[in-house]
Structures are given as structure tokens and as C-alpha cells.
Amino acid sequence: MSNYSDFAFYYDSLTRNVDYKKRAAYFDMLIKKYCTTGGKYLADLACGTGSLSEEFFKLGYDVLGIDYSEEMLNEALEKKYDGGFDIQYICQDMTSFELYGNADIIICALDSINHLNSPEDIRKTIERAFLFTEPGGVFIFDANTVYKHKNILADNAFVFENDRVFCTWQNSYSEENNRVDISLDFFEKNDNGKYDRYSEDFSEIALETAVMDKYLTDAGFIIEAHFDEDSTDPVKEDSQRIIYVAKKPAKS
């Protein structure tokens, strides 16, 4: 996985279109429906700069943010101290993370699971999530679909611009694990009126739903639901992102 060193610096300005409050409210609805532990301990896997973690904290959850990138976590910590958020952040790899006790809820949002290097890494992450989920608790995550990788991201290029940075985004699609290699170039105007350029490269892979489901059930989860992105609608052939709701069986 990439450390997202340059991406971390620009991430918040490039994701202003993401309504984190609405996204947290959506997950909160799913948690209330499916989680039966009665607890509020929530682990936010691949929390990035902490924007979603902060919204969960505002909703009353006891939040632990986990991310592989120190640079992302540095941004999260700055926001934590500026906003007075009582959130703990730790730097760990999703495929081998450890918690001190089980979480009632584990969340992995914004296609973060697609950023893992291989299907095996996705399987390992799901197994870790099962290990550290409280019986009756839930693991909820979203994932980009094979359809999105083949037809939307594909070999396309995108341009983003705001008052802080100009960004070009170039994709290269491979059928191997439906992988999209992504190259980002950031151009930021400096005090001399010239532009400084920074680059970031990473990849995303996409799995068929049946494969993801097998990893979940093999780990011990019960699959409660699949939803089309940020809704309670069924998944469609052209769904670009699927919400997976998996539950750890309660002790008998």
C-alpha cells in the first residue's frame, strides 16, 4: 500500500464533495438496525484524515481511528486538536491490526478496502475484523465494484481544481484482479507565482461480490445485507459501490 505522503496533504481539499455528516448518519442507521451489542466502541479502519471519525464522535461513538499512513494520521491529529475531538488514532496496517479488546462496530469506508494490494490482503483484513468484533457486533464496509473499475475508472483521466491545488488523475486498467493503477499529479502555486509539482501513485483492486461474501462467511461472519451505495436499495448490475453489512454471531 502507498503511504499517501503527498495525497494526505491535499486529501481534504480534494474531497470537499464528500458529505461526511450524511455518510456517518447512514452508517449510524445501519449500526442501530444490525448491531446488538449495546455498545458504542467503533473502530474506523483506514480513517485517513479523520473526517468520518469526527462525525462518528459527534454521534456519540467512542472512536478509534486506524490508518497505515503516518501522513494521513498527522492531518487527523491536527484536526483533532483544533476541534477538541476525543478520538484515539493509531498507525497500523489493516491486514494485521490489533485492538485492546473488541469493537462493537468496525467501519471501513470510502472504498478503502479496494486499496489493499491483493485479494489475500482483503481476506486477511476481514479475518482481523472478525477477530476484533464483539459477538453481536458488525463489520460494515463499502467497496468499489468490478463494474466501476471496468467501466467508470477504466483507462480514463480526470481533472480536479480548487482554490488550493490543480490535480490530474490518470487511470490504467488491468483485468488482473480488476486492478486500476492510479497516477495523481498535484500542482500548487508557490509564492513566486510558479507551480510546484508533487506526484502520488497507488492501485485499487475490485472483487466480485461472491468472492467478498466467501471471505466474510469463511471468517465466521453472517452476511446481513448488501446495499447499493449509501441507500437501502438492492445492488444493481451497474452499481458502482456496494455496502456490505456483516455481523459476528452472538454467543449462545
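As the structure is a computational prediction, the values presented were derived from the model and not from experiment. The first residue in the sequence is number 1, and the count goes up from there.
- Using a 4.5 Å cut-off on side-chain heavy atoms (C-beta onward), L99 and I66 make contact.
- The hydrophobic clustering, which links ILVMFWY residues whose side-chain heavy atoms are closer than 4.5 Å, places L131 and F141 together.
- Checked by atom type and distance alone, the side chain of R128 pairs as donor or acceptor with a backbone atom of F97 at under 3.5 Å.
- Judged by distance alone, with hydrogens and angles left aside, the side-chain atoms of K148 form no donor-acceptor pair with the main-chain N or O of L153 at under 3.5 Å.
- For the pair H226 and I243, the minimum side-chain heavy-atom distance is 4.5 Å or more.
- One hydrophobic cluster holds both L52 and M29 under the rule that ILVMFWY side chains link at heavy-atom gaps under 4.5 Å.
- By the rule that hydrophobic residues join a cluster once side-chain heavy atoms approach within less than 4.5 Å of another member, V146 and Y215 end up as members of separate clusters.
- Closest of all the heavy-atom pairs between G137 and C35 is CA-SG, 4.0 Å.
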message: Would D201 and D181 count as a side-chain contact (heavy atoms from CB on, under 4.5 Å) here? Give the steps.
response: CA-CA 7 Å; D201 297 312; D181 297 320; over 6 Å; no

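- Residues M94 and C108 approach most closely at SD-SG, 3.8 Å, considering heavy atoms.
- With a 4.5 Å cut-off on side-chain heavy atoms, N102 and T133 do not count as touching.
- Nearest heavy-atom pair, A219 versus I126, reported as atom, atom and distance to 0.1 Å: CB-CG2, 3.9 Å.
- Between the side chains of T37 and D104, a donor-acceptor pair is found at a separation under 3.5 Å.
- In terms of modelled atom types and a separation under 3.5 Å, the side chain of N156 and the main chain of I152 share a donor-acceptor contact.
- For K236, the NZ atom counts as densely surrounded, since its 6.0 Å shell holds more than 12 non-hydrogen atoms of other residues, nucleotides or ligands.
- Among D142, I140, L216, the one residue that satisfies the side chain to side chain contact (heavy atoms under 4.5 Å, CB included) test with Y244 is L216.
- In this structure, Q88 contributes its side chain and V63 its backbone to no donor-acceptor pair below 3.5 Å.
- Scanning both residues, Q92 and E98, for their nearest heavy atoms gives OE1-N, 2.9 Å.
- At a threshold of 4.0 Å, the pair K32-D28 counts as salt-bridged, since one of the basic side-chain nitrogens sits closer than that to a carboxylate oxygen.
- The structure places CD of E55 at 13.5 Å from NZ of K22, a figure rounded to the nearest 0.5 Å.
- Note: F27 and F56 have tilted aromatic rings, judged against thresholds of 30 and 60 degrees for the angle between ring planes.
- Rounded to the nearest 0.5 angstrom, E70 CD and C91 SG are separated by 4.5 Å.
- No side-chain donor from either of N144 and Q240 sits under 3.5 Å from a side-chain acceptor of the other.
- Distance check: E204 CD to S112 OG gives 8.5 Å after rounding to the nearest 0.5 Å.
- Put simply, L207 and Y147 are part of two different groups of oily side chains (I, L, V, M, F, W, Y) that touch within less than 4.5 Å, one to the next.
- When side chains are defined from C-beta on, I107 does not count as touching L45, because their heavy atoms never get closer than 4.5 Å.
- The pair E127-K124 fails the salt-bridge criterion, with no side-chain N (NZ, NE, NH1 or NH2) lying under 4.0 Å from an Asp/Glu carboxylate O.
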field: ring pair (Phe, Tyr, Trp, His ring centres under 6.0 Å) evaluation trace for Y195 with F187
entry: CA-CA 6 Å; Y195 284 85; F187 300 87; 7.2 Å; no

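- Under a 3.5 Å cut-off, the side chain of T217 and the backbone N or O of D213 do form a donor-acceptor pair.
- Taking each heavy atom of G101 and Y41 in turn, the nearest pair found is O-CE2, 4.3 Å.
- Counted by atom type alone, D67 and S69 present zero donor-acceptor pairs between their side chains at under 3.5 Å.
- Checked against a 6.0 Å centroid threshold, the rings of F221 and F130 count as neighbours.
- Contact detail for Y20 and L110: the closest heavy-atom pair is CE2-CD1, 3.7 Å.
- In summary, the aromatic rings of Y173 and H149 are positioned with their centroids too far apart to meet the 6.0 Å limit.
- The pair D82-K80 fails the salt-bridge criterion, with no side-chain N (NZ, NE, NH1 or NH2) lying under 4.0 Å from an Asp/Glu carboxylate O.
- Each of I113, N117, N114, V211 was checked for a side chain to side chain contact (heavy atoms under 4.5 Å, CB included) with I122, and the lone residue meeting it is I113.
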message: Could you walk me through whether Y89 and S53 satisfy the side-chain contact (heavy atoms from CB on, under 4.5 Å) test, starting with their C-alpha distance in whole Å, then the side-chain angles of each, then the deciding distance to 0.1 Å, before giving a yes or no?
response: CA-CA 10 Å; Y89 291 109; S53 298; 3.8 Å; yes

- prompt: Are T145 and R241 close enough, and set up right, to give a side-chain contact (heavy atoms from CB on, under 4.5 Å), and what steps lead you there?
  reply: CA-CA 5 Å; T145 62; R241 181 178 280 150; 5.7 Å; no

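- In this structure, a donor-acceptor pair under 3.5 Å is present between the side chains of K247 and T36.
- By the 6.0 Å and 45° rule, K40 stacks over the aromatic ring of Y61.
- We find the OG-CZ distance between S239 and F227 to be 12.0 Å, quoted to the nearest 0.5 Å.
- Residues I222 and Y34 are members of separate hydrophobic clusters, defined by side-chain heavy-atom contacts under 4.5 angstrom among Ile, Leu, Val, Met, Phe, Trp and Tyr.
- For the residue pair D185 and S199, a side-chain donor N or O sits within less than 3.5 Å of a side-chain acceptor on the partner.
- Atom CG of residue D111 and atom CD1 of residue I242 lie 12.5 Å apart, to the nearest 0.5 angstrom.
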task: Applying side chain to side chain donor-acceptor pair (under 3.5 Å), run through T95 and D121 and close with a yes or a no.
output: CA-CA 6 Å; T95 65; D121 281 348; 4.9 Å; no

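- With rounding to the nearest 0.5 angstrom, the SG atom of C47 is 8.0 Å from the CG atom of L64.
- No more than 12 heavy atoms of other residues, nucleotides or ligands sit less than 6.0 Å from atom CG of D86.
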- request: Kindly indicate, with the supporting measurements, whether the criterion side-chain contact (heavy atoms from CB on, under 4.5 Å) is fulfilled by E188 and F166.
  value: CA-CA 7 Å; E188 184 174 28; F166 179 86; over 6 Å; no

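- A donor-acceptor pair shorter than 3.5 Å can be found between the side chains of T49 and K79.
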